[in-house]
Amino acid sequence: MTERPAARRHAAWLDQLPSVVQELQRRWLLTLEPAWSRGEDGAAWVAPAHRDGVRMVLKIGMPHMEADHEIEGLRFWKGDPTVRLLEADAGLHALLLERCEPGAPLRDLPEAEQDVILAGLLRRLWRKPSVPHPFRTLSTMLQSWGDETLAARAQWLDSGLLLAGLRLFEKLARPSPDDVLLATDLHAGNVLRAQREPWLAIDPKPFVGDRAYDATQHLLNCRARLAADPVATIRRFADLLDVDAERVRLWTFARMASEPRDSWTDEDLALTRSLA
């Protein structure tokens, strides 16, 4: 079987990691501890570090379209309410970050409590960046997803559902004067307990777009609750965010229907149809 381009890129990135880590350790005068994540999942190499008694985190990201402006996003938010960016090398996709301690993830709490905390963080994140700025529109990411989905037509189980989702992506992502900078991937695994604030957000993937979109990642991570009562689950989180619940429903349906995926399950189809 021919190796896929993404797999080749990941393998090449892994091959370069040891030398990149050494270079950053030397340049930023870091003492590193054993890595928490070694990049095998294709996301990032992440390790605790310290310098002059200050505890930090070194992150080296796998180059990826969605995360291209993580550094710029952290500079924009300036630690409110994200982790602080201490050093960065955009060419190496490297970030030296404030360490969250004790660092327990928000996902350890019941989902109803997650709703409240995530909504508070998202409302603080939503700001309009001044023009000019480096951030791409949400439609850029959705177009990339759509291209990937269209290229996998042979895997489609319900073409009508999928095409409806793609059309909604295009409609919902049209620019609006109310658009703000979104995190796009804020969920309970990307929020950690900290000392500077009770909770801080990590791993933003910033794009400019509709606030209602930012509700979807948390909702999709609460799959059982969403499947059991989609209307009430969406309305509760939308109310906490002070965004339109119907628009959140449409975004959630569009994501369920047409995001790229390796496989569909009967549960996926049932949930998607319940949101239509």
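Any value given below was found using the heavy atoms of this structure, including those in side chains, with hydrogens, waters and symmetry copies removed. All figures in this text were calculated on a predicted structure; none of them were measured in a lab.
- Among residues two or more places apart in sequence or in another chain, the ring pair (Phe, Tyr, Trp, His ring centres under 6.0 Å) test is passed with F169 by none.
- S144 and D147 form no side-chain donor-acceptor contact under 3.5 Å, judged by distance and modelled atom types alone.
- Not a single donor-acceptor pair under 3.5 Å links the side chain of W126 to the backbone N or O of L182.
- Looking at R236, its side chain never comes within 3.5 Å of a backbone N or O of T233 through a donor-acceptor pair.
- Shown here are the ring pair (Phe, Tyr, Trp, His ring centres under 6.0 Å) partners of W45, two or more places apart in sequence or in another chain: there are none.
- Of the possible polar contacts, none joining the D203 side chain to the N190 backbone as a donor-acceptor pair under 3.5 Å is found.
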Which donor-acceptor pairs under 3.5 Å do the side chains of residues 170-179 make with protein atoms, sequence neighbours left out?
unit_1	atom_1	unit_2	atom_2	d
S176	OG	D178	N	3.1
D179	OD2	S176	N	2.9

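- Under a 4.0 Å N-O distance rule, the pair D210/R247 qualifies as a salt bridge.
- R38 has its side chain out of reach of V46: every pair of non-hydrogen atoms, C-beta onward, lies at least 4.5 Å apart.
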Please walk me through it: do M56 and L30 pass side-chain contact (heavy atoms from CB on, under 4.5 Å)? CA-CA 9 Å; M56 307 167 178; L30 302 175; 4.2 Å; yes

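- For R225 and D115, the salt-bridge test passes: some basic side-chain N is under 4.0 Å from an acidic carboxylate O.
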Would V57 and I202 count as a side-chain contact (heavy atoms from CB on, under 4.5 Å) here? Give the steps. CA-CA 11 Å; V57 172; I202 64 170; over 6 Å; no

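- Panel note: side chain R123, backbone L240; a donor-acceptor pair is recorded below 3.5 Å.
- Using a 4.5 Å cut-off on side-chain heavy atoms (C-beta onward), L92 and I60 make no contact.
- Checked for salt-bridge contact, R136 and D68 meet the test: a charged N lies under 4.0 Å from a carboxylate O.
- Among residue pairs with one or both ends in residues 250-276, those qualifying as ring pair (Phe, Tyr, Trp, His ring centres under 6.0 Å) are Y213-W251; sequence neighbours excluded.
- Pairs passing the salt bridge (Lys or Arg N to Asp or Glu O under 4.0 Å) check and including a residue from residues 151-166, sequence neighbours excluded, read D158-R273.
- No hydrogens or angles considered: nothing links the side chains of Q155 and R261 as a donor-acceptor pair under 3.5 Å.
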Before you tell me yes or no, could you show the steps for R196 and E101 under salt bridge (charged side-chain N to carboxylate O under 4.0 Å, His left out), namely the whole-Å CA-CA distance, both residues' side-chain angles and the distance that decides it to 0.1 Å? CA-CA 9 Å; R196 179 167 58 84; E101 295 183 292; over 6 Å; no

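- Among pairs with a residue in residues 178-197, none fulfils ring pair (Phe, Tyr, Trp, His ring centres under 6.0 Å), at least two apart in sequence or across chains.
- At least one donor-acceptor pair under 3.5 Å links the side chain of T149 to the backbone N or O of S258.
- Ion pairing of E70 with K59 is present here, as a side-chain N (NZ or NE/NH1/NH2) and a carboxylate O approach within less than 4.0 Å.
- One N or O on the side chain of D268 and one on the backbone of T265 form a donor-acceptor pair closer than 3.5 Å.
- A salt bridge between K78 and E98 is absent, with no side-chain N of the basic residue lying under 4.0 Å from a carboxylate O of the acidic one.
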Mind running salt bridge (charged side-chain N to carboxylate O under 4.0 Å, His left out) on E246 and R249 for me, showing each step along the way? CA-CA 5 Å; E246 174 61 9; R249 180 191 69 81; 2.6 Å; yes

Please determine whether salt bridge (charged side-chain N to carboxylate O under 4.0 Å, His left out) holds for the pair R127 and D80, giving the CA-CA distance in whole Å, both sets of side-chain angles, and the decisive distance to 0.1 Å. CA-CA 11 Å; R127 305 172 210 163; D80 178 20; 3.3 Å; yes

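- Nearest heavy-atom pair, G61 versus A44, reported as atom, atom and distance to 0.1 Å: CA-CB, 4.0 Å.
- Within the 4.5 Å cutoff, the side chain of R27 has heavy atoms near those of the L24 side chain.
- Cluster annotation: F135 and L186 are assigned to the same hydrophobic cluster (Ile/Leu/Val/Met/Phe/Trp/Tyr, side-chain heavy-atom contacts under 4.5 Å, transitive).
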